[in-house]
Amino acid sequence: MSWGALYMYYRCPECNKLFKYGIDLIAEYGDEYGNCPDCNVMGEYITEGARIPDDLKYEEVD
């Protein structure tokens, strides 16, 4: 049984953007994983999981 995608949730310390990365993208992004898609600054880790209650506030990085 699958519970769906797993995400890591972040907030950018520069622009305060909320964003999330799928765990499956770690290999693709490497050292850039967790960076803000707008500022390219490492985001502040918030949490991880399948989906959090306010998931729609976070932009998904593809």
Side-chain angles (χ1 to χ4, degrees):
M1 174 184 278
S2 174
W3 294 99
L6 293 175
Y7 294 98
M8 294 185 82
Y9 295 85
Y10 297 91
R11 184 187 69 79
C12 179
E14 295 284 323
C15 69
N16 288 317
K17 180 183 193 102
L18 298 173
F19 57 97
K20 63 186 176 185
Y21 278 83
I23 298 286
D24 61 325
L25 296 177
I26 291 174
E28 182 177 333
Y29 280 92
D31 291 340
E32 303 294 313
Y33 187 89
N35 284 4
C36 176
D38 294 341
C39 302
N40 201 32
V41 172
M42 177 52 86
E44 295 174 351
Y45 173 80
I46 297 184
T47 191
E48 66 183 84
R51 296 261 182 210
I52 60 174
D54 57 351
D55 178 76
L56 294 177
K57 293 181 182 178
Y58 292 79
E59 179 182 319
E60 185 172 355
V61 178
D62 308 19

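Heads up: numbering here begins at 1 and tracks the sequence.
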Here the pair of heavy atoms bringing Val61 nearest to Pro37 is CG2-CG, 3.9 Å
Residue list, side-chain hydrogen bond (donor to acceptor under 3.5 Å, both in side chains) with [X], at least two apart or on another chain:
{"X": "Tyr9", "value": "Asp55"}
{"X": "Tyr45", "value": "Glu48"}
{"X": "Asn40", "value": "Asn35"}

For Val41, the other hydrophobic cluster members (4.5 Å side-chain criterion, sorted by chain and number) are none
The remaining residues in the hydrophobic cluster of Met42, counting side-chain heavy-atom contacts under 4.5 Å among Ile, Leu, Val, Met, Phe, Trp and Tyr, are none
Contacts of Ile26 meeting side-chain contact (heavy atoms from CB on, under 4.5 Å) (sequence neighbours excluded), chain-then-number -> Ile23, Tyr33
CD of Glu59 to SG of Cys12, rounded to nearest 0.5 Å, is 11.5 Å
Value for OH (Tyr21) from CG (Asp62), rounded to nearest 0.5 Å, stands at 10.0 Å
Membership question, hydrophobic clusters at under 4.5 Å side-chain separation (ILVMFWY): are Ile52 and Leu18 in the same one? yes
Hits for salt bridge (charged side-chain N to carboxylate O under 4.0 Å, His left out) against Glu44, two or more places apart or cross-chain, chain-then-number order -> Arg11
So the salt bridge (Lys or Arg N to Asp or Glu O under 4.0 Å) pairs with at least one residue in residues 31-41 (sequence neighbours excluded) are Lys17-Asp38
Residues passing the ring pair (Phe, Tyr, Trp, His ring centres under 6.0 Å) test with Tyr10, sequence neighbours excluded, are Phe19
query = Under the 6.0 Å and 45° cation-pi test, does Lys20 pair with Tyr7?
reply = yes
